[in-house]
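This report concerns only the one structure given below.
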Amino acid sequence: MFTLTINQTDSRRDGDQVPQLLKALRHIPARLDFDRSVEDEVQGIVDCPNQAVDAALIALRSGHWYVGIGAGPVDEPLPNQIKHASGHGLVYARRAVDRLRNGKERIPVAVEGPRADVAHDAEAILRLLGHIVRERSGAEWRVLDLLTPGVRGQQKAVAQELGITTQAVSKAVARAQWNEEHAARPAAARLLALILAAG
């Protein structure tokens with residue numbers, strides 16, 4: 001299992017961003033739903049590494065969060081609320097997010113698990129993906145939020161919906177490195193899975 005512990009970087013300056021993050025994460029299937037664990041912190045537990053990657057990039061998009069991912073077991077049966085959960089996965093996620101809070105990482109995502117070398121590799125890929133996601137403009141996100149990865153021929157419909165040219169959509173997709181991001185996501189997920197396989 002994969003536990004995410006997501007801490008707000010500056011709640012005094014930015015106000016409480018937890019409700020917005022929970023809304024953004026609500027579509028991700030979770031073993032234990034993402035929820036506020038304490039004050040400005042959100043936690044959730046997912047089964048699949050792809051879901052962990054999706055959740056991490058959603059949090060990194062806004063620039064308001066430290067994202068810690070723990071790859072490891074969680075005590076079962078799972079409780080009804082994340083704040084009552086326990087297990088190695090949660091310890092790893094806490095260690096990851098604490099490392100971020102004490103450091104100066106430009107892209108604040110960290111991974112911890114039983115195989116530190118593989119966790120380090122997964123973290124490196126996630127930081128590259130996080131950089132791509134965080135650098136996008138609002139105009140680029142307006143285009144990308146209407147696209148579905150792997151579906152061909154949708155740029156014309158997006159252009160019509162936004163009242164722009166198909167060329168403008170195509171340029172936004174290229175500038176935002178959308179295809180590159182989605183091509184690299186499986187590599188990050190595979191590395192996360194290897195942490196558990198190796199451990």
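On a predicted model such as this, the values are computed, not experimentally measured, just so you know.
To the nearest 0.5 angstrom, T5 atom OG1 is 9.0 Å from I45 atom CD1. Atom CG of D10 is separated from atom NE2 of H64 by 10.0 Å, given to the nearest 0.5 angstrom. Once rounded to the nearest 0.5 Å, the distance linking CG of L25 with CD of Q51 reads 11.5 Å. From Q167, atom CD reaches atom CD of Q155 across 10.0 Å, with rounding to the nearest 0.5 Å. The line from CD of Q81 to CG of D35 is 6.5 Å long, rounded to the nearest 0.5 Å. Separating the CD atom in E180 from the CZ atom in R185 is a distance of 13.0 Å, to the nearest 0.5 Å.
For the pair N50/V53, no side-chain contact is recorded, criterion being any heavy-atom separation below 4.5 Å from C-beta on. Contact of the L194 side chain with the R115 side chain is not registered, since no non-hydrogen atoms from C-beta on lie closer than 4.5 Å. Side chains of W65 and Q17 form a contact here, defined as non-hydrogen atoms less than 4.5 Å apart. No side-chain heavy atom of E135 sits less than 4.5 Å from a side-chain heavy atom of Q177.
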Could you walk me through whether Q154 and L146 pass the side-chain contact (heavy atoms from CB on, under 4.5 Å) check?
-> CA-CA 9 Å; Q154 56 185 329; L146 297 174; over 6 Å; no

Start with the C-alpha gap between Q43 and F34, add the side-chain angles, then the distance that decides, and say whether side-chain contact (heavy atoms from CB on, under 4.5 Å) holds.
-> CA-CA 5 Å; Q43 285 185 304; F34 288 92; over 6 Å; no

Show your reasoning for whether side-chain contact (heavy atoms from CB on, under 4.5 Å) applies to E105 and E123.
-> CA-CA 12 Å; E105 304 300 340; E123 185 177 294; 5.9 Å; no

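Looking at R94 and E41, a side-chain N of the basic residue comes within less than 4.0 Å of a carboxylate O on the acidic one, giving a salt bridge. A salt bridge does not link R95 with D98: none of the charged nitrogens is closer than 4.0 Å to a carboxylate oxygen.
Residue L129 is grouped with residue V118 when hydrophobic side chains (ILVMFWY) are merged at heavy-atom distances under 4.5 angstrom, including chains of intermediate members. Put simply, L57 and L147 are part of the same group of oily side chains (I, L, V, M, F, W, Y) that touch within less than 4.5 Å, one to the next. Using a 4.5 Å cut-off between side-chain heavy atoms of Ile, Leu, Val, Met, Phe, Trp and Tyr, with links allowed through other members, L128 and L100 fall into different hydrophobic clusters. When the side chains of ILVMFWY residues are joined at heavy-atom separations under 4.5 Å, either directly or via intervening members, L126 and L196 end up in a single hydrophobic cluster. In the hydrophobic cluster analysis, where Ile, Leu, Val, Met, Phe, Trp and Tyr join through side-chain heavy atoms closer than 4.5 angstrom, I132 is grouped apart from I125.
Atom CD of E76 is surrounded by more than 12 heavy atoms from other residues, nucleotides or ligands within 6.0 Å. No more than 12 heavy atoms of other residues, nucleotides or ligands shown are found within 6.0 angstrom of CZ on R106.
Of the possible donor and acceptor atoms, none in the side chain of R136 sits under 3.5 Å from a partner among the backbone N and O of W141. At least one donor-acceptor pair under 3.5 Å links the side chain of R36 to the backbone N or O of E39. Checked by atom type and distance alone, the side chain of R26 pairs as donor or acceptor with a backbone atom of K23 at under 3.5 Å.
Across all non-hydrogen atoms, the minimal contact from A55 to L4 is CB-CD2, 3.8 Å. Contact between A122 and I195 at its shortest, heavy atoms only, is CB-CD1, 4.4 Å. Residues A176 and L144 share a closest heavy-atom pair of CB-CD1, 3.6 Å. Contact between A24 and I58 at its shortest, heavy atoms only, is CB-CG2, 3.6 Å. Across all their heavy atoms, P108 and L60 have their closest contact at O-CD2, 3.7 Å. Across all their heavy atoms, V143 and A172 have their closest contact at CG2-CB, 4.1 Å.
Between I6 and the options L21, V18, I69, V109, a side-chain contact (heavy atoms from CB on, under 4.5 Å) holds for only L21. The side-chain contact (heavy atoms from CB on, under 4.5 Å) test with T3 singles out one residue from V46, L32, V74, and that residue is V74.
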